Amino acid sequence: MFNSLSGRLLILTTIFVMIAEVLIFVPSIARFREDYLTNRLERAQIASLALLADDMIDSDLENELLENAGVFNVVLRRDQVRQLMLSSEMPQPIAATYDMRENNAVVLIRDALSRLVSPQNEVIRVMGAPVRDAGLLIEITMETAPLRMAMIDYGIRILILSAVISIITAVLLFIAIRALLLKPIKRVVGHMQNYAAAPEDARRIITPTASVTELREAEDALQKLETDLTQALRQKDRLAQLGSAVSKISHDLRNILTSAQLFTDRIEMSEDPTVKRMAPKLVGSITRAVHLCESTLAFGKAEEPSPTLTMVQLRDLADEVIEGEILAIGDFELDISCDVPLMMAVRADPEQLYRVIANLVRNARQAIVATGQPGEICLAAFEDEDAWWISISDTGPGLPLKAREFLFTPFQGGARKGGSGLGLAISAELIRGHGGTLELTETGDNGTRFTICLPKGDGTMPARTGAAVA
Ligand SMILES: Nc1ncnc2c1ncn2[C@@H]1O[C@H](COP(=O)(O)OP(=O)(O)OP(=O)(O)O)[C@@H](O)[C@H]1O
Ligand SMILES: [Mg+2]
């Protein structure tokens with residue numbers, strides 16, 4: 001209850017109305033005291049008029065008149081000379097004098113509050129202007145206890161009234177908030193749940209209806225979000241269908257091409273010189289086409305399995321990659337060096353790490369061979385507190401613009417004739433599976449460097465240190 005919007009509003013409203021009532025209470029209690037004293041002055045003035053009829057009244061009547069007016073003494077000055085006076089015995093000396101003719105709001109409030117907080121009964125003198133210009137000045141003495149009692153009475157009535165008002169206000173506000181805010185909010189929440197159950201269904205997208213501006217804005221934003229999401233999901237769906245169609249086509253195409261390969265083998269044996277000249281090119285093209293189909297099929301298979309992490313002797317793994325590459329180089333002038341510390345062990349899936357490093361070294365080799373110039377490839381590794389860093393650098397021509405633009409994007413990053421543009425994308429995915437990163441740290445006329453970072457900890461990536469890049 002207290003955590004709900006309506007509950008909190010209910011409490012806050014009550015508090016605020018109470019505060020407002022207190023602000024009203026202070027001036028009204030001052031006003032009440034002023035009225036009370038003025039009323040006493042008037043009653044005393046009426047009592048004193050009895051003297052006008054009869055100059056000498058007996059003391060019994062005098063006491064009765066004073067008692068009725070609720071005062072001890074009255075002095076009514078009619079002009080400079082004449083004055084009327086009623087008097088009886090005062091129980092104690094006068095404690096204070098209040099002149100009602102020169103009151104301002106601050107003085108009235110101060111006097112009223114100090115009267116409320118001082119409980120002892122005092123005798124005070126009050127002066128004021130007589131009503132109907134019946135004289136110059138009227139002055140009375142009276143007790144404060146009845147005044148204070150009346151003030152307390154009045155205060156309690158105000159407090160009860162404010163409590164009632166605040167409860168009524170709070171309840172009304174509660175009902176209004178429910179209708180204006182809570183119901184629409186609940187509607188939106190219910191709608192969101194409904195949408196989440198089947199986000200591809202465009203019929204479930206919200207239609208904004210709220211009349212409150214802020215809610216309407218939220219609904220509009222939600223509608224846009226849902227529309228975009230539904231569209232993206234459909235797009236993804238179409239791409240998935242397209243992907244599976246491509247897989248099927250690749251599969252059949254590969255079979256067709258494999259039979260074509262068999263025929264071209266025969267053609268190579270032909271005696272015709274033109275055919276003899278063209279045949280190897282035909283074989284090469286068909287082989288590349290088969291390779292493309294196979295890579296597409298391999299990529300189309302479900303995601304790479306998650307790595308099985310063990311401690312791998314990096315040096316051994318690197319040597320194995322290099323041996324394979326040296327075979328492929330043949331007698332081309334290309335040097336591959338290994339700068340991996342002898343006993344360095346990294347935590348990785350050996351099979352996957354092998355594929356990544358082999359991919360990167362092969363790319364470097366292919367790039368250098370394509371230039372026809374001699375070159376070098378260097379495999380290096382380094383470890384710090386947080387991670388293992390492996391770099392593969394070459395003195396090749398650098399990545400072509402297209403490869404840089406679509407770096408790590410399957411199929412699109414390939415700029416090499418006969419390549420399928422998958423090697424880097426797959427490598428990056430495998431390293432991501434290890435919680436690490438594969439980055440292109442340098443490329444240009446002087447060569448290229450890729451850096452692999454494998455974190456040692458729980459997968460939070462360490463900041464790259466200069467040593468690893470150097
Ligand atoms: N070390 C490098 N030096 C120069 N260019 C490179 C290097 N590594 C990659 N490239 C460029 O980046 C492109 C993408 O490489 P990637 O390995 O993803 O695909 P690929 O080698 O073309 O095909 P495959 O899927 O058979 O590996 C390459 O075609 C090549 O142009
Ligand atoms: Mg490659």
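Keep in mind the model is a prediction, meaning the values are calculated, not measured. In each ligand, atom 1 is the first atom listed, and ligand 1 is the first ligand listed.
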D228 with K224: basic N within carboxylate O range, under 4.0 Å: yes
Hey, are K456 and E383 close enough for a salt bridge, meaning a charged N less than 4.0 Å from a carboxylate O?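 Salt bridge between K456 and E383, a charged N being under 4.0 Å from a carboxylate O: yes.
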A side-chain contact here means heavy atoms from C-beta on lying under 4.5 Å apart; do T451 and L440 qualify?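 T451 vs L440: side chains apart.
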Taking C-beta and beyond as the side chain, do L309 and H434 meet within less than 4.5 Å on heavy atoms?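 Yes. Closest side-chain heavy atoms under 4.5 Å.
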Quick one: pull up OG in S211 and CG in L180 and give me the separation to the nearest 0.5 Å.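 One finds 6.5 Å between OG of S211 and CG of L180.
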Protein heavy-atom partner closest to [atom] - residue, atom, separation in Å:
atom                    : value
atom 11 (C) of ligand 1 : A403 CB, 3.8 Å
atom 14 (C) of ligand 1 : G413 O, 3.4 Å
atom 26 (O) of ligand 1 : R416 NH2, 3.4 Å
atom 1 (N) of ligand 1  : D394 OD2, 2.9 Å
atom 8 (N) of ligand 1  : N363 CB, 3.3 Å
atom 7 (C) of ligand 1  : L399 CD1, 3.8 Å
atom 28 (C) of ligand 1 : A415 N, 3.9 Å

For ligand 1, is there an N or O atom under 3.5 Å from any N or O atom of [X]?
X    : result
L424 : yes
G421 : yes
A425 : no
R362 : no
A367 : no

Can you confirm if the NZ or CZ of R33 lies within 45° of the ring axis of Y98 and under 6.0 Å from the centre of its six-membered ring? yes
Relative to ligand 1, is L422 under 4.0 angstrom through side chain, backbone, both or neither, heavy atoms considered?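 Both backbone and side chain.
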One residue to check: L360. Relative to ligand 1, which of side chain, backbone, both or neither has a non-hydrogen atom less than 4.0 Å away? neither
Please determine which of D252, L253, V246 meets the side chain to side chain contact (heavy atoms under 4.5 Å, CB included) test together with S250. V246
Strictly by modelled atom types, are R187 and T209 linked by a side-chain donor-acceptor pair under 3.5 Å? yes
So, D272 and T274: side-chain donor and acceptor under 3.5 Å apart, yes or no?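 On atom types as modelled, these side chains qualify, holding a pair under 3.5 Å.
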Run the numbers for me: atoms of ligand 1, each under 4.0 Å from some heavy atom of G398, listed by number. 4 (C), 5 (N)
Counting each atom of ligand 1 from 1 as listed, which ones have a heavy atom of G423 under 4.0 Å away?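 Checking each atom against G423, I get 16 (P), 17 (O), 18 (O), 19 (O), 24 (P), 25 (O), 27 (O).
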Heavy-atom donor-acceptor pair, R449 side chain to I392 backbone, under 3.5 Å: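 Judged by distance alone, no pair lies under 3.5 Å.
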Main chain of T144, side chain of N121: is a donor-acceptor contact present, judged purely on distance under 3.5 Å?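 Judged by distance alone, yes, a pair lies under 3.5 Å.
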Any atom of ligand 1 sitting under 4.0 Å from a heavy atom of S295? no
If we only consider heavy atoms of P397, is any one of them less than 4.0 Å away from an atom in ligand 1? no
Run through E219, E226, K186 and flag the one making a side-chain hydrogen bond (donor to acceptor under 3.5 Å, both in side chains) with H191.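 One option only clears the test, and that one is E226.
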The Mg ion (ligand 2) to N363: any N/O/S contact under 2.8 Å? yes
